[in-house]
Amino acid sequence: MAAKFELKPGAATREAFGKALMELGKKNPNVVALDADLSKSTMSAGFAKEFPDRFIECGIAEANMVAIGAGLASAGKIPFAASFSAFLLNKGFEQLRVTAAFPNVNLKVVGTHSGISIGEDGPSQMSVEDLSLACSLPGFTVLCPADEVSMMRLMHAAAEHVGPVFIRAGRAKVPVIYGSDQEFTIGKAVTLMNGADVTLIATGLLVAEAIRAAETLAAEGISARVLDFHTIKPLDRDAIAKAARETGAIVVAEEHLVDGGLGVRVAQVVAETSPVPMEFVGVQNTYAESATPEQLIDKYGLLARDVAAAARRVLKRKR
Amino acid sequence: MQKTSDPVALAAIAKRMRRTAMEMITAAKSGHPGGSLSIAEIVVTMYFDVLRHDPANPKWKDRDRFILSKGHCCPILYAVMAECGYCPKESLNTLRKLGSIYQGHPDVRFIPALEASTGSLGLGLSLGLGMALSAKLDKSPARTYVVLGDGEIQEGQIWEAAMFGSFHKVDNVLAIVDSNKIQLDGFVKDILDLEPLGDKWRSFGWHVIDVDGHDIPALQAAFAEAAATKGKPTCILANTIKGKGVSFMENNPKFHGAAPSADEFQKAMQELA
Ligand SMILES: Cc1ncc(C[n+]2csc(CCOP(=O)(O)OP(=O)(O)O)c2C)c(N)n1
Ligand SMILES: [Mg+2]
């Protein structure tokens, strides 16, 4: 059986984003940051204080911010443009498409307050379609780190990667999954637990839930493999094909609409390689509501309990 | 509900609504007090004097429409709508809680008497123009009122709407800018200055009225002037104080989006007594 995980309380991925942005600012004078009147919430405020000359406050004008960022990138800067994911992707989509994706410029966009775990502000501020939108942009790299360590590492990887990147961050504090020495490669899933009966593929907030689900399943005699898909695009096709072949059943879990999310992207690879039964844990064709983050992830079925239930369902269908 | 044009009566209602909004935000432990307090007189004068509406018949076809485009300031709108009888007063303090109709931002799925779901800034004026054009097509006397934040009008879509409104002579729409000089990260002048704001709206073809947004007779006069202005839309620039009525919230960016503590709440209620 896989090693027991100790999930200690950790920082929010937006806090790790803010920290990593400061490190990058120190390391590389070409790094600039943009925000749209949310720097205290996205956590780009630290960078703004430390490097006022390289911080560009755009006001409440996300579309303009994205295209300005693309212009900066076209001229050789490494811009990180941040806002709530909902506003960044929905207001800035045309700009992401035509000024960043088409010309393949080196723009990094960071969407914080993603998913439904922002809680009380409610659905107008929640982003449950950002992964789908970002993945629909050819040439974009799409990252969704699960904890502070992976966010820090992947921010550095994003800065080194040449090309447009979308990084998804959350508002809520999340457990620490990784030791500080863990390595991350864009496009390579991390195997958190080995298992033979079923694979739990998770991203972001759901990675910790998948680990907890695997521990529950282990107590029932079910051996679950847990993969952290911190990179949604490009997908780690090899890890998916291997999981399908070796475990014969897959559950995908994400804090995102099931429509257009990681799950359907994984399903495509499964269909192309080794078709096996799959189940999907995510937000089902609806907008959420105001409540505490804990109440929402319970009501909308994003807990370890839901991942474990999906695993039991998929095992019944396994041939 | 009892409508009134008496400024003293309206001011008394505004004070009560401020208290209710503070109670709601304190109970929720989150929300936006500053921008709720800055529009108390505007929303109260709208619902209790200016708007042609009927709480018993919220879907009346010829009603005037009110859109709170700066949706984060919904506590004051909920308080006023409940006072009018659109929704229950007893549950106002369930704001932002699981199962409450009083969502963190206006949501027509939960309160059908709301004219629009808002919360993503920049959309309300376009929506209002659509409603106003529909009234023109129907030869309806309905007017549409849209309250915008001053930070909000940094969104480019506001200026697309402004251009459209004057070109199409949508004189049955009224934009009210809550010019409280503060947005989320600080003062508007430091983030992305809007001045000269009146000149901007005028150059986009709008009739502009500058007014003290806490002066009820001045607001009433401005609303009447707007209704009498034909052939072009009107924009009221309401000069307000963010956090108005609670000394430590006034002009204090901290209270854009922070709920008062228990002590602060007590102090606020004393000041609003
Ligand atoms: C499109 C969009 N971008 C950002 C936000 C986050 N946000 C909420 S309130 C606010 C500041 C609004 O300032 P202002 O319009 O002046 O409102 P007020 O001062 O009346 O509270 C921001 C940036 C949002 N709700 N929508
Ligand atoms: Mg303001």
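Every value quoted in this text rests on a predicted model; they were computed, and no experiment measured them. Letters A, B, ... mirror the listed sequences (proteins, then strands); counts begin at 1.
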Can you confirm whether P123(A) sits close enough to D107(B) that some side-chain heavy atom of one is under 4.5 Å from a side-chain heavy atom of the other? yes

Sequence neighbours excluded, which residues qualify as ring-ring contact (aromatic ring centres under 6.0 Å, His included) partners of F167(B)? none

Find the distance between NE2 (H105(B)) and CE (M126(A)) and round it off to the nearest 0.5 Å. 10.5 Å

If you measure from CG on L38(A) to CD on Q183(B), what distance do you get to the nearest 0.5 Å? 9.5 Å

Does any N or O in the side chain of Q125(A) come within less than 3.5 Å of the main-chain N or O of G119(B), such that one atom is a donor and the other an acceptor? yes

Interface moiety of [X] toward chain A, non-hydrogen atoms closer than 4.5 Å:
{"X": "S117(B)", "value": "neither"}
{"X": "S30(B)", "value": "side chain"}
{"X": "L192(B)", "value": "side chain"}
{"X": "H72(B)", "value": "neither"}
{"X": "F110(B)", "value": "side chain"}

S124(A) vs Q103(B), test: side chain to side chain contact (heavy atoms under 4.5 Å, CB included). Steps then yes/no. CA-CA 10 Å; S124(A) 67; Q103(B) 291 285 298; over 6 Å; no

What option among K29(B), R109(B), E152(B) has the most heavy-atom pairs under 4.5 Å with chain A? R109(B)

Which atoms form the tightest heavy-atom contact between [X] and [Y], and what is the distance?
{"X": "D121(A)", "Y": "H32(B)", "value": "OD1-CE1, 4.1 Å"}
{"X": "G99(B)", "Y": "E289(A)", "value": "N-OE1, 3.9 Å"}
{"X": "D185(B)", "Y": "D37(A)", "value": "N-OD1, 2.7 Å"}

By a 4.5 Å heavy-atom criterion (distance strictly below it), what part of [X] contacts chain B: side chain, backbone, both, or neither?
{"X": "A48(A)", "result": "neither"}
{"X": "F84(A)", "result": "neither"}
{"X": "E120(A)", "result": "both"}

Pairing residues for S38(B) by the side-chain contact (heavy atoms from CB on, under 4.5 Å) criterion, not counting sequence neighbours: K70(B), D178(B), N180(B), T240(B)

Is it the case that over 12 heavy atoms from other parts of the model lie below 6.0 angstrom from the NZ atom of K26(A)? yes

CG of N285(A): more than 12 outside heavy atoms within 6.0 angstrom? no

Just jot down the salt bridge (Lys or Arg N to Asp or Glu O under 4.0 Å) partners of D150(B), sequence neighbours excluded, or say none. none

Residues in residues 51-65 of chain A that sit under 4.5 Å from chain B, counting heavy atoms only: E57(A), C58(A), G59(A), I60(A), A61(A), E62(A)

